[in-house]
Amino acid sequence: MKFEERVWELMKRIPKGKVTTYALIAEKLNTVAYRAVGNACRRNPYAPVVPCHRVVRSDGTIGGFGGKTSGKTVEKKIQLLRKENVEVRSGRIVDFKKVLFRF
DNA sequence: CGCAGATGGCTAG
DNA sequence: CTAGCCATCTGCG
């Protein structure tokens with residue numbers, strides 16, 4: 001079982017309409033490598049199985065990649081989240097702590 | 001509000 | 001084994 005697989009499993013556990021943060025996942029994995037978590041998402045071979053769109057930053061920002069939220073992947077995430085009852089405003093989660101899922 | 005530094009783990013050579 | 005990368009976080013100005 002690799003580090004990444006563990007990350008994916010946790011992501012799968014995220015219920016619909018909820019989100020989580022990289023730091024939280026990392027902490028749950030008994031580590032502090034939030035970056036490695038993001039790495040796993042980015043390389044995630046389990047495209048739809050691992051809802052990486054339900055994983056956001058600690059402050060509620062969607063994040064995305066490339067440094068800015070100008071990527072298409074981010075927009076896709078937002079749309080999915082909005083569809084799952086998660087309100088997103090300017091790349092940020094609305095009522096973040098309300099939809100934040102604690103493991 | 002904006003920027004820089006500090007981290008842990010992964011992939012590729 | 002070494003070097004570079006990354007979808008982050010936190011603190012400070």
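Residue numbering restarts at 1 for every chain, and letters A, B, ... go by the order of the sequence lines. From a predicted model like this one, the values you see are computed outputs, not experimental measurements.
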Protein and nucleotides 9-13 of chain C: nitrogen or oxygen contacts under 3.5 angstrom:
{"residue": "C:dC9", "atom": "OP1", "partner": "A:Ser58", "partner atom": "N", "Å": "2.9"}
{"residue": "C:dC9", "atom": "OP1", "partner": "A:Ser58", "partner atom": "OG", "Å": "2.2"}
{"residue": "C:dC9", "atom": "OP2", "partner": "A:Ser58", "partner atom": "OG", "Å": "3.4"}
{"residue": "C:dC9", "atom": "O5'", "partner": "A:Ser58", "partner atom": "OG", "Å": "3.0"}

Length of the CZ-P vector between A:Arg35 and C:dT8, whole Å: 8 Å
Return the residues of residues 92-103 of chain A meeting this criterion: a heavy atom under 4.0 Å from some atom of DNA chain B. Order them by number, or give none. none
Return each pair, listed once, that meets ring-ring contact (aromatic ring centres under 6.0 Å, His included) where at least one residue sits in residues 78-103 of chain A; pairs must be two or more places apart or across chains. A:Phe101-A:Phe103
Can you measure A:Arg42 atom CZ to B:dG9 atom C1' for me and round it to whole angstrom units? 14 Å
Just how far is it from atom CD of A:Glu75 to atom CG of A:Leu80, taken to the nearest 0.5 Å? 13.0 Å
Taking atom CD of A:Glu27 as the centre, report whether more than 12 heavy atoms of other residues, nucleotides or ligands fall under 6.0 Å from it. no
Dot-bracket, 5' to 3', for DNA chain C please: Watson-Crick or G-U pairs under 3.5 Å, [ ] where pairs cross earlier ones, | where the partner sits on another strand, dots elsewhere. ||||||.||||||
Atom pair CG (A:Leu29) and CD (A:Glu4), whose distance is rounded to the nearest 0.5 Å: 11.5 Å
I'd like a table of donor-acceptor pairs (distance under 3.5 Å, sequence neighbours excluded) in which one partner is a side-chain atom from residues 35-52 of chain A, with atom names and distances.
{"residue": "A:Asn44", "atom": "OD1", "partner": "A:Tyr46", "partner atom": "N", "Å": "2.7"}
{"residue": "A:Asn44", "atom": "OD1", "partner": "A:Ala47", "partner atom": "N", "Å": "3.1"}
{"residue": "A:Asn44", "atom": "ND2", "partner": "A:Cys41", "partner atom": "O", "Å": "3.2"}

By the salt bridge (Lys or Arg N to Asp or Glu O under 4.0 Å) test, which pairs, at least two apart or in different chains, include something from residues 84-103 of chain A? A:Arg54-A:Glu84
Worked check of side-chain contact (heavy atoms from CB on, under 4.5 Å) between A:Leu81 and A:Ile62: CA-CA 10 Å; A:Leu81 288 169; A:Ile62 299 295; 3.6 Å; yes
Short N/O separations, protein against nucleotides 10-13 of chain B, under 3.5 angstrom:
{"residue": "B:dC10", "atom": "O3'", "partner": "A:Glu4", "partner atom": "OE2", "Å": "3.1"}
{"residue": "B:dT11", "atom": "O3'", "partner": "A:Arg43", "partner atom": "NH1", "Å": "3.4"}

For residues 13-25 of chain A, run the donor-acceptor check on the side chains, cut-off 3.5 Å, and write out each pair with its distance to 0.1 Å, sequence neighbours left out.
{"residue": "A:Thr21", "atom": "OG1", "partner": "A:Leu24", "partner atom": "N", "Å": "3.1"}

Using the test side-chain contact (heavy atoms from CB on, under 4.5 Å), find all partners of A:Gln79 that sit at least two apart in sequence or belong to another chain. none
